[in-house]
Amino acid sequence: MTVSADGVPHPTGSAHPAGGAHPAGGAPDPAGGSAHPVGRGVPPMAAVLFDMDGTLFDSEPLWDVSLADLAEKLGGTLRPEIRRQVVGRNLRDSAQLVQDDLGVVADADESAAWLLERTRELFALGVPWRPGAQEVVASVRRSGVPTALVTSSHRVLVDEVLAQLEPGTFDTVVCGDEVSRPKPDPEAYLTAARRLGVDPRHCVALEDSPPGIAAALAAGCLVVAVPEGGTTGGTAGGTAGDGHGAVVMELADVTVDRLSSLLAARAG
C-alpha cells in the first residue's frame, strides 16, 4: 500500500508498507518482538492508529501560543482552565470556547480560520516528536503492522508535520476536516480502519485526550492512553481510574509485543 500526497492509501498488491509482504507470523521487531501474539484463535494486531497532537508530537506548546494569541486578538487573556478544555477538540469548538469565556460576540468560523493560520505558521517552524514516540512508530512499521495517523487537526497543519517526516511514515492519514463528525465521534477511526481494510476491533489506538479516547473506544479499538501532563487520568500500566476504559501507559513503555498482548488479552 502506498500513500498519495492527500494521505489516501492506494493498493499496490500488499497491505504492508513498502518492501513487500512479511512472512506469516509477522516480521521480528528488534524493539518489541513479533506483531502477532502466540495464541490459537487470537486474531493478529491489524493496525496501530496514532493520534497526533500531544500523543506523537509535542505540539501542544505551539497551540498554547496560538490560542493565547487568539485571545489577545479578541481583547482578552486565555485562562488555563479554558486551555485545558480545548485539548482534543476541533478547531471551531476551540475558537468558540475562547470567545464564550471572554464574553466576545464574534464569528466563530472567522476566529477558527485565524487560529488555523496562526498555528500553521508555528507548525512550519518545526514540531518535535514526544520522547520515545518516533521509536514506537518505527518499531510498529518494522513489525509489518499497518499504521494510521488519526487527528482532529486540519490537513493544512498535518501537512506541515508530514513534511518533516520520512515519506510513508503512515499508511494513511485522516484529518479533522476530512470527516463530517470529529472526535469524540468514532468516524475518524472508522475511516482509518476502512482505508486500511482492517477491522477496528483488531486495532490499537494511541491517544492522549478524553475526546480522542472516546472516539477510539466507540470505534471498537483497544485504546492505550499515553498521558501528557495528566490529561487522561488514571494510573500508568493499568485501566484508567476515571472509567474511560483505556489502558494508561507511558509512551516509553509502549512496545509492539505489549500492544499485541493487550489485544490478545481482550480477545480472551
Side-chain angles (χ1 to χ4, degrees), residues 3 5 7 17 29-32 48-71 78 80 83-91 94 115-142 147-177 183 188 192 204-213 216 223-232 236 246 248-256 258-259:
V3 184
D29 170 21
V48 179
L49 316 177
F50 296 96
D51 173 53
M52 186 176 83
D53 296 297
T55 298
L56 291 184
F57 297 94
D58 194 17
S59 52
E60 293 299 340
L62 303 181
W63 283 103
D64 289 344
V65 174
S66 61
L67 285 161
D69 287 350
L70 174 63
L78 182 69
R83 175 64 187 98
R84 288 191 293 270
Q85 287 181 37
V86 304
V87 173
R89 292 181 181 268
N90 66 74
L91 200 70
S94 297
L115 178 61
L116 178 62
E117 176 55 23
R118 178 65 181 121
T119 308
R120 188 203 63 77
E121 293 172 353
L122 296 170
F123 273 41
L125 299 176
V127 184
W129 289 89
R130 282 191 62 199
Q134 189 171 12
E135 292 76 12
V136 171
V137 174
S139 67
V140 173
R141 292 199 62 79
R142 282 195 300 269
T147 59
L149 190 66
V150 185
T151 175
S152 293
S153 286
H154 282 215
R155 169 60 68 172
V156 66
L157 299 181
V158 177
D159 282 346
E160 294 289 355
V161 175
L162 294 178
Q164 302 165 31
L165 307 180
E166 181 181 346
T169 297
F170 302 101
D171 292 299
T172 192
V173 177
V174 181
C175 303
D177 56 338
K183 301 175 185 180
V204 178
L206 270 66
E207 272 283 357
D208 75 311
S209 70
I213 291 168
V223 183
V224 173
V226 287
E228 183 190 40
T231 56
T232 58
V248 180
M249 188 184 303
E250 294 294 335
L251 195 55
D253 297 329
V254 175
T255 66
V256 174
R258 195 163 186 189
L259 297 181

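Counting from 1, the numbers follow the sequence of the chain as shown.
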Nearest-0.5 Å distance, [atom1] of residue [X] to [atom2] of residue [Y]:
{"X": "Leu116", "Y": "Leu91", "atom1": "CG", "atom2": "CG", "result": "5.5 Å"}
{"X": "Leu70", "Y": "Ser66", "atom1": "CG", "atom2": "OG", "result": "8.0 Å"}
{"X": "Leu56", "Y": "Leu206", "atom1": "CG", "atom2": "CG", "result": "7.0 Å"}

Less than 4.5 Å apart, any side-chain heavy atom of [X] and any of [Y]?
{"X": "Val127", "Y": "Met52", "result": "no"}
{"X": "Trp129", "Y": "Val137", "result": "yes"}
{"X": "Phe123", "Y": "Trp63", "result": "yes"}

Closest contact, heavy atoms only, [X] versus [Y]:
{"X": "Val158", "Y": "Ser153", "answer": "CG2-O, 3.9 Å"}
{"X": "Leu251", "Y": "Ala133", "answer": "CD2-CB, 3.6 Å"}
{"X": "Leu78", "Y": "Ala68", "answer": "CD2-N, 3.8 Å"}
{"X": "Arg130", "Y": "Val226", "answer": "NH1-O, 3.5 Å"}
{"X": "Thr151", "Y": "Lys183", "answer": "CA-NZ, 3.9 Å"}
{"X": "Leu62", "Y": "Gly126", "answer": "CD1-O, 4.0 Å"}

Exercise. Could I get the full list of side chain to side chain donor-acceptor pair (under 3.5 Å) partners for Thr169, not counting sequence neighbours?
Key: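 For Thr169, no residue satisfies side chain to side chain donor-acceptor pair (under 3.5 Å) once neighbours in sequence are set aside.
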Quiz prompt | side chain to side chain donor-acceptor pair (under 3.5 Å) against Thr55, all qualifying residues, sequence neighbours excluded | solution =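 Side chain to side chain donor-acceptor pair (under 3.5 Å) check on Thr55 returns Asp51, Asp208.
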Quiz item: Can you name the residues that form a ring pair (Phe, Tyr, Trp, His ring centres under 6.0 Å) with Phe50, not counting sequence neighbours?
Solution: none
Exercise. Indicate whether the side chain of Ser152 and that of Asp53 have a donor and an acceptor atom separated by less than 3.5 Å.
Key: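 Absent: no donor and acceptor within the cut-off.
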For [X], check salt bridge (Lys or Arg N to Asp or Glu O under 4.0 Å) against everything at least two apart and list the hits.
{"X": "Arg118", "answer": "Asp69, Glu121"}
{"X": "Arg83", "answer": "Glu60, Asp64"}
{"X": "Arg120", "answer": "Glu117, Glu160"}

Exercise. Without swapping roles, check the side chain of Asp58 against the backbone of Pro128 for a donor-acceptor pair under 3.5 Å.
Key: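 The answer is no, because no donor-acceptor pair under 3.5 Å joins these two groups.
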Quiz item: Given Val150 and Phe170, is the side-chain contact (heavy atoms from CB on, under 4.5 Å) satisfied, shown in steps?
Solution: CA-CA 10 Å; Val150 185; Phe170 302 101; over 6 Å; no
Quiz item: Step by step, would you call Val174 with Leu149 a side-chain contact (heavy atoms from CB on, under 4.5 Å)?
Solution: CA-CA 6 Å; Val174 181; Leu149 190 66; over 6 Å; no
Practice problem: I would like to know whether Val173 and Arg155 meet side-chain contact (heavy atoms from CB on, under 4.5 Å); could you show each step before the answer? | Solution: CA-CA 9 Å; Val173 177; Arg155 169 60 68 172; 4.0 Å; yes
Exercise. Any chance you could lay out the side-chain contact (heavy atoms from CB on, under 4.5 Å) test for Cys175 and His154, step after step, and finish with the verdict?
Key: CA-CA 6 Å; Cys175 303; His154 282 215; 6.0 Å; no
